[in-house]
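Working notes, beginning with the structure itself.
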Amino acid sequence: MENRQQISLWRRIASIICVSVAVIAAPLSIGSLWVSAHLTDTDGFVKTLGPLAENNDLQQLVSGQVAESISGHLQIEQRLEAITGDGWLSTVIPADEIASKANEAIKSATLRVVESEDFATTWESALRTSHQKTDLIFNGQSSATLDDAGNLTFKLDEVFAGIVKTLTGFGIPDLPTGDSFDWNLKLIQNDALPTVQKVYLAVDSIGPWAIYLNAAVFIAGILLAPKYLARGLLWLAVATGLSFIALKTLIPDFIQERLLSNVNADLARAIYDQITSGLSTSFIVTAVVAALLGVAVIPLIRKRY
């Protein structure tokens with residue numbers, strides 16, 4: 001009798017440990033599975049961030065910075081001043097006024113481009129190329145440095161050619177016509193890249209199967225002591241529910257400060273929301289289902305035990 005009581009005690013202790021570990025690790029395993037499918041996988045990454053092409057904050061950022069980059073590349077005012085000099089010709093051809101009009105034309109042209117449907121294709125192409133390059137860097141299969149990870153490179157040769165044609169019509173001479181024009185947007189700040197690399201590699205390794213291991217530990221705990229099924233499910237609901245709340249309230253500020261400070265706050269939040277929307281749904285669905293099942297089995301547990 002004493003031996004049977006000792007075995008029963010150890011089974012309860014082992015069950016509590018297994019269920020506790022599984023409940024605590026559940027948000028991490030759910031997050032790892034989701035990240036491995038939507039962030040470390042190239043197709044999933046493109047599908048997750050692709051809709052941002054229609055985000056107004058992103059369009060304003062891209063159009064503004066591309067316009068500034070093109071203006072700096074063309075050096076319109078310097079080209080005009082080189083022609084007019086400081087003499088009477090500079091009063092006839094005011095370089096600053098013409099350059100200002102040219103810059104406005106560049107801004108309008110780039111904004112029209114990023115607001116067009118074609119920009120979505122350009123955006124997705126940049127996402128795919130960037131992810132493939134970043135994956136090689138993180139896995140040590142590229143000669144590029146870690147600082148080159150997380151860059152989105154946009155091939156804007158056609159946009160550049162169209163703008164040059166427009167400015168040539170303004171009478172601005174000697175503008176380059178055959179230049180290849182690329183523009184880079186760095187999403188992740190450099191000092192965060194080592195941490196991002198470690199998380200990326202860890203998720204890439206354990207993400208696809210972590211949830212199955214977690215489920216196995218939870219089931220093992222319940223098999224050792226079935227009477228803890230209701231409690232385990234309710235605690236699972238609490239853990240994933242709290243994870244959902246943290247994902248919506250506490251984590252965004254940390255991500256914006258540590259990873260996405262290269263862009264403005266509104267755009268950083270839009271990127272964060274776009275990335276985590278699916279994960280948030282996974283957490284809340286798990287919490288609701290676990291809570292309903294937990295409540296449903298309470299009468300059965302009480303009747304049997």
Side-chain angles (χ1 to χ4, degrees), residues 28 30-55 57-59 61-62 65-66 69 113-114 117-157 159 180-211 247 251-252 254-256 258-264 267-282:
L28 294 177
I30 293 171
S32 295
L33 179 63
W34 187 89
V35 169
S36 67
H38 293 84
L39 295 184
T40 61
D41 176 75
T42 299
D43 290 336
F45 180 78
V46 173
K47 186 177 180 180
T48 299
L49 290 182
L52 280 174
E54 300 178 2
N55 180 273
D57 290 320
L58 177 67
Q59 291 175 347
L61 172 71
V62 173
Q65 292 194 8
V66 168
S69 182
V113 169
V114 299
E117 294 181 358
D118 293 337
F119 178 67
T121 302
T122 303
W123 171 251
E124 290 185 1
S125 176
L127 288 174
R128 184 173 299 278
T129 302
S130 172
H131 191 277
Q132 291 170 341
K133 180 180 179 180
T134 298
D135 183 75
L136 292 174
I137 294 173
F138 281 171
N139 284 283
Q141 299 174 358
S142 172
S143 59
T145 64
L146 186 59
D147 288 349
D148 291 327
N151 283 335
L152 297 181
T153 301
F154 295 84
K155 300 290 184 180
L156 299 174
D157 295 1
V159 177
S180 176
F181 184 80
D182 298 342
W183 177 75
N184 291 321
L185 171 64
K186 191 165 189 64
L187 285 179
I188 304 174
Q189 59 202 61
N190 287 344
D191 59 353
L193 284 172
T195 301
V196 172
Q197 181 184 29
K198 292 176 183 177
V199 173
Y200 182 96
L201 294 176
V203 169
D204 199 32
S205 300
I206 68 173
W209 55 265
I211 195 167
L247 201 63
I251 299 178
F254 173 80
I255 295 297
Q256 287 176 223
R258 294 292 300 146
L259 298 182
L260 300 175
S261 63
N262 289 334
V263 298
N264 65 61
L267 178 56
R269 184 57 192 248
I271 293 172
Y272 175 83
D273 288 341
Q274 184 67 38
I275 290 174
T276 60
S277 60
L279 181 57
S280 300
T281 302
S282 299

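Because the structure is predicted, anything quoted here is derived from the model rather than measured. Note that the numbering runs from 1 along the sequence shown for the chain.
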Q: Only pairs at least two apart or in different chains count here, so list each side-chain hydrogen bond (donor to acceptor under 3.5 Å, both in side chains) that has a residue in residues 39-49.
A: T42-H131, D43-R128
Q: For D135, check side-chain hydrogen bond (donor to acceptor under 3.5 Å, both in side chains) against everything at least two apart and list the hits.
A: N139, Y200
Q: Output the distance between atom CG (L267) and atom CG (L52), rounded to the nearest 0.5 Å.
A: 7.5 Å
Q) Where is the tightest heavy-atom contact between I30 and S282, given as atom of each residue plus distance? A) CG2-CB, 4.1 Å
**Q.** CZ-CD distance between F119 and E124, expressed to the nearest 0.5 angstrom
**A.** 10.5 Å
Q. Does any pair with a residue in residues 268-281 pass side-chain hydrogen bond (donor to acceptor under 3.5 Å, both in side chains), and if so which ones, sequence neighbours excluded?
A. R269-D273
(Q) As an exercise, state the distance from CG of L28 to CD1 of I211, rounded to the nearest 0.5 Å. (A) 11.5 Å
Q: With sequence neighbours excluded, tell me which residues meet side-chain hydrogen bond (donor to acceptor under 3.5 Å, both in side chains) with N264.
A: none
Q. Under the side chain to side chain contact (heavy atoms under 4.5 Å, CB included) criterion, do W34 and I275 qualify, and how do the steps go?
A. CA-CA 10 Å; W34 187 89; I275 290 174; 4.2 Å; yes
Q) Rounded to the nearest 0.5 Å, how far apart are CG of L279 and OG of S32? A) 9.5 Å
**Q.** More than 12 heavy atoms of other groups within 6.0 Å of Q132 CD
**A.** yes
Q. Are the side chain of S36 and the backbone N or O of L33 linked by a donor-acceptor pair below 3.5 Å?
A. yes
Q) With sequence neighbours excluded, what pairs up with T121 under the side-chain hydrogen bond (donor to acceptor under 3.5 Å, both in side chains) test? A) none
Q) Within a radius of less than 6.0 Å around CD of E117, do more than 12 heavy atoms belonging to other residues, nucleotides or ligands occur? A) no
Q: Report yes if some heavy atom in the side chain of F138 is under 4.5 Å from a heavy atom in the side chain of D204; otherwise report no.
A: no
Q: Using side chain to side chain contact (heavy atoms under 4.5 Å, CB included) as the criterion, list what pairs up with I137, not counting sequence neighbours.
A: K133, S142, A144, L146, D148, A149
Q: Rounded to the nearest 0.5 Å, what's the gap from CG on N55 to CD1 on I271? Could you check?
A: 8.0 Å
